[in-house]
Visitor: 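The structure under discussion is supplied below as structure tokens; questions concerning it will follow.
Values below: every heavy atom of this structure, side chains too, minus hydrogens, waters and symmetry copies. Numbered from 1 within each chain, the chains take letters A, B, ... in sequence-line order.
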Amino acid sequence: MEQPQGFVHQGGEHLVCKLQKSLYGLKQSPRAWNQKLDAFFKNIEFMKSEADPSVYVAQVENVKFFIVVYVDDLILVCNDQNKLLQIKEELNQKFEMKDFGELHFFLGMEVERNRDERLLRINQIKYLKEILKRFRMEECKPIGVPLDPKVKLQRNVNGNDESKGFPYQQAVGSLMYAMLCTRPDLAYPISVLSQHMANPNMEHWMAVKRIFQYLQGTLQMKLQFGGTPSKEVLGYCDADWGGDLEDRRSTTGFVFMIGGGAISWSSKRQPTIALSTTEAEYMANTQATKEAIWITKLMMDLGYMEEKKMMVIRCDNQGAISLTKNPTHHARTKHIDVQHHFVRERVENGEV
Amino acid sequence: MREEYDSLMTNNTWTLVPLLAGRKPVSCKWVFKIKQGANGEVERYKARLVARGFTQTYEVDYNETFAPVAKFTSIRCILALVALEDM
């Protein structure tokens, strides 16, 4: 690196700085920071979770300790106050850290707790108000449904650029962040709108505005965890059939809950065309199974599942269910691609 | 600025060496920030030396850049357990 301006070494102007440590702004800086943090956690006997490498776990008898890393923001979770203080102290000695006390705000999510009722709620009211304001929708009329059921969005084929000048991509991007954090209800509308990112027209822009109106009406909604004694993970999956009017592909949707609180959700157009509802649901099952396996792994890393336990995924199509259970083979299913039989294999192994 | 420079020095951030033939040094610059208190009053002047990372080339100056960040699902998963276990 060049010598910093104003601090050039006297008599050594031709020399350059060989960096021994990393500096803010270098491409490898985040990596270097993570390695340092990782070494520190390993040193104090934390295990890195295999499912998510930014989660660290330590467990001694009944004391459980989790650390979630988001670059330089950490969440510490422990069921023992003394241990928590001890780790905080160690972190403080090694790095300069600020302790914000109990978790209230993280990545734009507000966290509120009701310890008496064992409830925890997350919301993004502040963020949502901000984006409503940014796209000048703060005074809009609230509406109950995020997508107009009468309108089927079509691709903008004649290439009208009437929506040029509308911040379509920015708006969908901002909504997507809300969807990823606390709003599973937006998963489907966002997946529909995202398909038109490259070439939106007026109709698409109206749909975006409608989502903002929907948010206006549901601003105060929060995602709630807890309140039930069960720690069981439950998955639901469903699919439409040929919902995309142009290429007739179907859409997969699934959601996973722990004790009644949604932790994972997705809505995605399928990569291939399904010839029957059964087939569409069967493909959805495969997607949900992939997620289920990952969640099982995470739960095992966190010490909440002793061994591979069966995870329940609920599906509303008898045909698809029997297809996952029985390796029947006949005229209507013989074309189903190999990758979709993934779910059948997992059912045989007793995983879902 | 002096403060920041001293801290870089005490941390042994770099050593001075002659430039290898055919290599370009990464440029750097000072970034200045005025820290304001809650009422907009000036709290302190802050200087930070930043490397201009965008002038680096992959595999010449660096190769590994991946740093994991937590998935939202795992954050929610842990929050759900926190609520249920009353941690």
Visitor: Measure the spacing between CD1 of A:I295 and SG of B:C77 and express it to the nearest 0.5 Å.
Guide: 6.5 Å

Visitor: Flag yes if more than 12 heavy atoms outside A:E50 fall under 6.0 Å of its CD atom; otherwise flag no.
Guide: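 Atom CD in A:E50 is not crowded, with 12 or fewer foreign heavy atoms closer than 6.0 Å.
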
Visitor: Pick one of side chain, backbone, both or neither for B:I75, based on which atoms fall under 4.5 Å of a heavy atom in chain A.
Guide: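 The side chain, not the backbone.
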
Visitor: Looking at every non-hydrogen atom in both residues, tell me the closest pair between A:I263 and B:R76 and how far apart they are.
Guide: O-NE, 2.8 Å

Visitor: Is A:L84 close to chain B through its backbone or its side chain, or both, or neither, when contacts mean heavy atoms under 4.5 Å?
Guide: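 No part of it gets close to chain B.
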
Visitor: Let me know if A:L298 has heavy atoms under 4.5 Å from chain B in its side chain, its backbone, both or neither.
Guide: side chain

Visitor: Please flag which part of A:M257 lies under 4.5 Å from any non-hydrogen atom of chain B: side chain, backbone, both or neither.
Guide: neither

Visitor: If you define the side chain from C-beta out and look only at heavy atoms, does anything of B:T73 sit under 4.5 Å from A:F256?
Guide: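 With C-beta onward as the side chain, the pair stays apart.
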
Visitor: If you measure from CG on B:L79 to CD on A:Q224, what distance do you get to the nearest 0.5 Å?
Guide: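 One finds 13.0 Å between CG of B:L79 and CD of A:Q224.
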
Visitor: Could you report the tightest heavy-atom contact between A:L180 and B:F72, atom names first, then the distance?
Guide: O-CB, 3.8 Å

Visitor: Are side-chain heavy atoms of A:F66 and B:S74 found at a separation under 4.5 Å?
Guide: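 The answer is no; the side chains never approach within 4.5 Å.
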
Visitor: Heavy-atom distance under 4.5 Å between the side chains of B:L81 and A:K64, does that happen here?
Guide: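 No, their side chains stay 4.5 Å or more apart.
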
Visitor: Please determine whether the number of non-hydrogen atoms from other residues, nucleotides or ligands lying under 6.0 Å from atom NZ of A:K88 exceeds 12.
Guide: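 Result for NZ/A:K88: enclosed.
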
